[in-house]
Amino acid sequence: MIILIMHQLYLILSLLLIFSSISKSDEKFSTWLENYKKYAINQGVSKKTVNEAFKNTKLLKRIITYDRNQPEFIEKTDVYVAKRVNKQKVIYAKKLINNNKKFLDKVEKKYKIPKNYLVALWGVETVFGKHKGKVDIISALATLSFDKRRSKYFSNELIILLKLIDRQVVNISDLKGSWAGAHGNFQFMPSTIKNYAIDYNRDGKIDLYTSLEDSFASAANYLKKIGWDKNPWGLKVKLKKEINKKHFTFDARKLSDSKKIKDWIKMGVVLPDSYKINLSTKAKLVKPDGEISDVYMVFNNYEKILNWNRSLRFAITIGIFSDYLKDA
C-alpha cells in the first residue's frame with residue numbers, strides 16, 4: 001500500500017514538473033513576443049499589422065523538434081530519394097506536364113528554366129500542391145525566432161513577412177504552410193517571396209498558394225536570377241582509383257573546389273560512355289553519405305538547387321527526378 005501511494009505521488013510530482021516547465025516556457029514566449037512586437041514596429045511595420053498578425057500566435061513546441069530532426073540530414077540518400085521519387089510519381093508528373101504543356105513551355109521560354117526541373121521541385125516540395133502545409137506560418141516563424149538555434153535567421157524572415165503583409169503583397173488569411181514558415185506550391189520563405197515572387201497572371205496579387213501561373217513563374221524567376229545555366233545538374237559516377245577525400249564535398253555548407261571535368265577524369269573519375277558534356281565544364285564531387293558513399297559529379301545548377309534547400313540529398317533528389325521527366 002505504501003509503495004502504491006509513493007508511486008502515485010511520484011507520478012503526480014512528475015506531471016506537476018512537466019506542467020510547470022510548459023508553463024514557464026509559455027511565459028517566456030509571451031514575454032519574448034511582446035518585445036518582438038515592439039521591435040517590429042521599430043523596424044517600420046505598422047501597429048495595425050503587428051496587432052492583427054500576432055492576434056492568435058502560439059508557441060508550437062513540436063516545431064522545435066522538427067527543426068532538430070530534418071530528414072534531409074538523417075536519412076541515407078537512397079532512402080531519401082526512394083521516398084520522394086517513384087514510378088507512380090514520375091507517371092503522374094509526366095501527365096501534369098502534358099496537361100499544362102502550353103503554359104509550362106511559355107514559362108520555360110521566358111525564364112530559360114527547363115520545365116522538368118520546375119515540376120520535379122513542385123513534386124518534391126509539396127507533392128504537386130497536395131501537401132502545402134497547414135501550420136500557421138506566423139506562429140511557426142515566431143517559435144523558431146524564439147528558439148535560440150537559428151533565431152537571427154527566422155526573426156529576419158518574420159520581419160520580412162510582416163512587411164509583406166503591410167504592403168498587401170500577401171494576406172494573413174492565406175498564411176498556412178510548413179513548420180519552417182515556408183509557403184505555397186514551391187514553399188517560398190518570406191525573403192524569397194520578397195525578392196523573386198511574381199504576379200504572372202496580372203490579377204493584382206501574388207498568389208503562390210492557388211495560382212499555378214504565379215507559382216511556376218516565381219519559381220522559374222528565382223532560379224534564373226540566382227544564375228541557372230544551360231548545363232545539366234550532374235550525375236552519379238564511378239572511380240577507377242582512389243581520390244583524396246579533401247577533394248569531395250560531404251557537407252552542403254562546405255563545398256569543395258571545382259575542377260574541369262577533364263581534370264577529374266585524369267584523377268580517376270569515370271563517366272558513362274553515353275554522357276555528352278563539354279569536358280571543360282567545372283564540376284564538384286559530392287559524397288552525400290560520408291566517406292563510404294556513392295559519388296556524384298555535380299555542376300553549377302546543382303549548386304543553385306542547394307540555394308533552394310541546403311541539403312546534398314535534396315538537390316540530388318531534384319536532379320534525379322528531373323532526369324526522369326526530360327522527355328515528357
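Please read all numbers here as calculations on a predicted model, not as lab measurements. One is the number of the first residue; the rest follow in order along the sequence.
Of the charged side-chain nitrogens involved, at least one lies within less than 4.0 Å of a carboxylate oxygen, so that Glu291 and Lys245 count as a salt-bridged pair. In this structure, Asp251 pairs ionically with Arg253, as a charged nitrogen and a carboxylate oxygen lie closer than 4.0 Å. A salt bridge does not link Lys58 to Asp136: none of the charged side-chain nitrogens sits closer than 4.0 Å to a carboxylate oxygen. In summary, Glu34 and Lys37 engage in a salt bridge, as defined by a charged side-chain N under 4.0 Å from a carboxylate O. Using a cutoff of 4.0 Å between basic side-chain nitrogens and carboxylate oxygens, Arg310 and Glu303 are not scored as salt-bridged.
Aromatic ring centroids of Tyr302 and Tyr296 lie 6.0 Å or more apart. The aromatic ring centroids of Trp233 and Tyr117 lie 6.0 Å or more from each other. Aromatic rings from Tyr111 and Trp228 are positioned such that their centres are separated by 6.0 Å or more. Taking the ring centroids of Tyr324 and Phe321, they lie at or beyond the 6.0 Å cut-off.
Relative to the six-membered ring of Phe250, Lys287 misses at least one condition, a distance below 6.0 Å or an angle of at most 45° to the axis. Relative to the ring axis of Tyr209, Lys132 places its NZ or CZ within 45° and under 6.0 Å from the centre. Taking the ring centre of Tyr200 as origin, the terminal cationic atom of Arg202 falls outside the region bounded by 6.0 Å and 45° from the ring axis.
Taking 4.5 Å as the limit, some side-chain heavy atom of Val269 sits within range of a side-chain heavy atom of Ile243. Side-chain contact check for Leu164 versus Lys194: some heavy-atom pair is nearer than 4.5 Å. At least one side-chain heavy atom of Glu213 sits less than 4.5 Å from a side-chain heavy atom of Phe103.
With rounding to the nearest 0.5 Å, the separation of CG in Leu223 from CH2 in Trp308 is 5.5 Å.
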* **salt bridge (charged side-chain N to carboxylate O under 4.0 Å, His left out) evaluation trace for Lys224 with Asp229** => CA-CA 8 Å; Lys224 178 186 177 182; Asp229 66 28; over 6 Å; no
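Side-chain contact, Thr126 with Asn185: no donor N or O sits under 3.5 Å from an acceptor N or O.
Between Val298 and the choices Thr249, Val286, Leu312, the side chain to side chain contact (heavy atoms under 4.5 Å, CB included) rule is met once, by Val286.
Scored by the salt bridge (Lys or Arg N to Asp or Glu O under 4.0 Å) test, Asp199 finds no partners at all (sequence neighbours excluded).
In this structure, the side chain of Ser215 engages the main chain of Leu208 through a donor-acceptor pair within 3.5 Å.
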